[in-house]
There are 2 protein chains.
Amino acid sequence: MASTQRSSSPGRSPRNRASGTSTRVPESSWDPADEITVDHSSPVPLYYQVASQIEAAIDSGDLPVGARLGNEIDLAGSLGLSRPTVRQAIGSLVDKGLVVRRRGAGTQVVFNRVKRSLELSSLFDDLAAVDQQPTTRVLVNEVRSATDEMAHRLGVAEGTELLFLERVRSARGEPIARMRNYLPVTLVQPSSAVLEERGLYQLLRSEGVRLHAAHQSIGARVAEQADSELLEEPVGAALLTMDRLTYDQAGTVVEYGSHVYRASRYSFDLSLRGES
Amino acid sequence: MASTQRSSSPGRSPRNRASGTSTRVPESSWDPADEITVDHSSPVPLYYQVASQIEAAIDSGDLPVGARLGNEIDLAGSLGLSRPTVRQAIGSLVDKGLVVRRRGAGTQVVFNRVKRSLELSSLFDDLAAVDQQPTTRVLVNEVRSATDEMAHRLGVAEGTELLFLERVRSARGEPIARMRNYLPVTLVQPSSAVLEERGLYQLLRSEGVRLHAAHQSIGARVAEQADSELLEEPVGAALLTMDRLTYDQAGTVVEYGSHVYRASRYSFDLSLRGES
DNA sequence: GTCAATACTTTGTCCGGACATTATTACTTA
DNA sequence: TAAGTAATAATGTCCGGACAAAGTATTGAC
């Protein structure tokens, strides 16, 4: 996830690890049967009901870091579900990096809040989420025919009509980024007024476009005269650049974005999980 | 995943999507029974055998973008496995973003190579993987007691002894990055000679440390005098900065790194998958 | 010929059980 | 007391089956 202002304290997580000598964890016996309820008549999958309730317990602190979830078989029994269902629920939490399973040892909570691994979210949503009052100024909103390079990038025929957007995004009145986007005209054709109120991804989603994956490239360069004027940053200041190609579920390119951020006001924060 | 030199062509994927009008895909009937073999006596899990062989077929092009995998039931039958096993195999490919499942429609290949979503890999491995001949110059390799700030970051007591490393990483003889690392002395204490031959993560892995997650923050700044000398970049040039906190499976901090990259020679390339 | 209802295909979810593998714990023995 | 060994606990893998839900293709009516 991306956040405004340089993250000043990345690691403030309180550690209470039991290692070496037998420093026992309080083990405040969190009884799942008291906390989790499943509704068989609900259309939402049972494993999902279980997973989200455990996740909520982790968020609320009822399940602190290091706490053990009961074993899968007992859990299944006390919830009136089968083990595969409970296992699927826990599995989804493992995928999110919230808990760790070790055979023979059980399942433990590792983070009480992993910043969800750099979600496919837009700058607008990110800023709105932390109450940074995002605003947008639309500089260009027009249809252009694809140049050779753009056609290549988006995987369309040369000369195809593309919507070209150029916007400046601000937070609390201060400019944060200059954003350029190219997307097929067939998807959306928003008015500038709409673009000033909502983020592009929000718009695409409301049109039923399902964002599925993206390739990003993050780099840096120094501000030139044009950047300087738009971003209120002196010439020669450090800028972050981000190029992003976004795909829908069918693997078709939905959007190409080329953005520039003020490094003094912005950094990319992301979490990632490893191997096993 | 991070790569040297600015990614010049992020999207060159040939599209052959069947949409709107019925542009049918060749459908070159890839018979799984001919291509996939499972060894029941092998210790490697059956679902994993299946998954990796399908993945190999995608990489090799036998399963091009858009190709449909046979339905799960037939697949299971022809492989002599149960449906849950085959489903688990395909599920792992879905998690990797290689294929997409749609009920009623089947399972299709979406990317023939997703750069695996920014793995927990070190710069050394990344460079070695693309034959960039990484070399390391060790500037500092000593034990220091943790300052207030560092103790806080690593989640250890103030004054704890930490190994401090400062290195310059080059590729093909040209400097790429200046790296600073802090890690508990209990983990490793490599000689400078060893550090010049191998990456830090490689070293940790060989010591049995299982990297599990990391929080990163990517930013930018301009080169100062000291940077200039180490990286052979003029003062005022754009630099990428990356701070990373790495955790092991128990949630304990394994390493804190503060690195600086030459933006002219390096960018962070990463893929991410969204929501559903 | 176009559109709507129907049948079919395929994945999504869920159950119950079985054995293997690995960590931990308790016990026995030197 | 200490170390090795056995018992126990918990997840990992795998099987077989069942029904639901969503998308696709076919058929029928107008």
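Just so we're on the same page: letters track the sequence lines, and every chain starts at 1.
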Between A/Arg87 and D/dG12, is there a side-chain N or O to OP1/OP2 distance below 4.0 Å? yes

Mind checking whether A/Leu46 and A/Gln88 have side chains closer than 4.5 Å, heavy atoms only? no

Residue-phosphate contact under 4.0 Å: A/Tyr47 side-chain N/O, C/dT13 OP1/OP2: yes

Any A/Leu81 side-chain heavy atom under 4.5 Å of A/His40 side chain: yes

For A/Glu197, which residues count as a side chain to side chain contact (heavy atoms under 4.5 Å, CB included) partner, sequence neighbours excluded? none

In whole Å, what is the span from the CD atom of A/Glu72 to the P atom of D/dA10? 11 Å

Can you name the residues that form a side-chain hydrogen bond (donor to acceptor under 3.5 Å, both in side chains) with B/Arg102, not counting sequence neighbours? B/Gln108

Taking only side-chain nitrogens and oxygens of A/Thr107, does any of them come within less than 4.0 Å of OP1 or OP2 of D/dA10? no

So if I apply the side chain to side chain contact (heavy atoms under 4.5 Å, CB included) rule between B/Gln49 and each of B/Leu79, B/Val38, B/Ile54, which one comes out positive? B/Val38

Are any protein N/O atoms closer than 3.5 Å to N/O atoms in nucleotides 15-17 of chain D? If there are, list each pair with its distance.
| unit_1 | atom_1 | unit_2 | atom_2 | d |
| --- | --- | --- | --- | --- |
| D/dC15 | OP2 | B/Ser82 | N | 3.2 |
| D/dC15 | OP2 | B/Ser82 | OG | 3.0 |
| D/dC15 | OP2 | B/Thr85 | OG1 | 2.3 |

When B/Leu183, B/Val188, B/Leu204, B/Leu154 are each screened for side chain to side chain contact (heavy atoms under 4.5 Å, CB included) with B/Val254, the one that passes is B/Leu204

Does B/Glu72 have any side chain to side chain contact (heavy atoms under 4.5 Å, CB included) partners at least two apart in sequence or in another chain, and if so, which? B/Arg83, B/Arg87, B/Ile90, B/Arg101

Output the rounded distance in Å from CG (A/Asp74) to C1' (D/dA10). 10 Å

Whole-Å distance, A/Arg68 CZ to C/dA23 P, equals 15 Å

Could you tell me whether the phosphate oxygens of C/dG12, OP1 or OP2, come under 4.0 Å of any side-chain nitrogen or oxygen in B/Arg101? yes

Let me spell it out: for each of B/Ile73 and A/Val44, pick the nucleotide of DNA chain C with the closest heavy atom. Which residue's pick is nearer the 5' end? B/Ile73

Whole-Å gap separating C1' (C/dT13) and CD (A/Gln49): 12 Å

Taking salt bridge (charged side-chain N to carboxylate O under 4.0 Å, His left out) as the test, write out the residues that go with B/Arg198, two or more places apart. none

What orientation do A/Tyr247 and A/His215 show, parallel under 30°, tilted 30 to 60°, or perpendicular over 60°? perpendicular

Nucleotide-resolved protein contact map, nucleotides 3-9 of chain C, B/S/- at heavy-atom distance under 4.0 Å: ------B

Could you give the CG-to-P distance, from B/Leu69 to C/dT10, as a whole number of Å? 12 Å

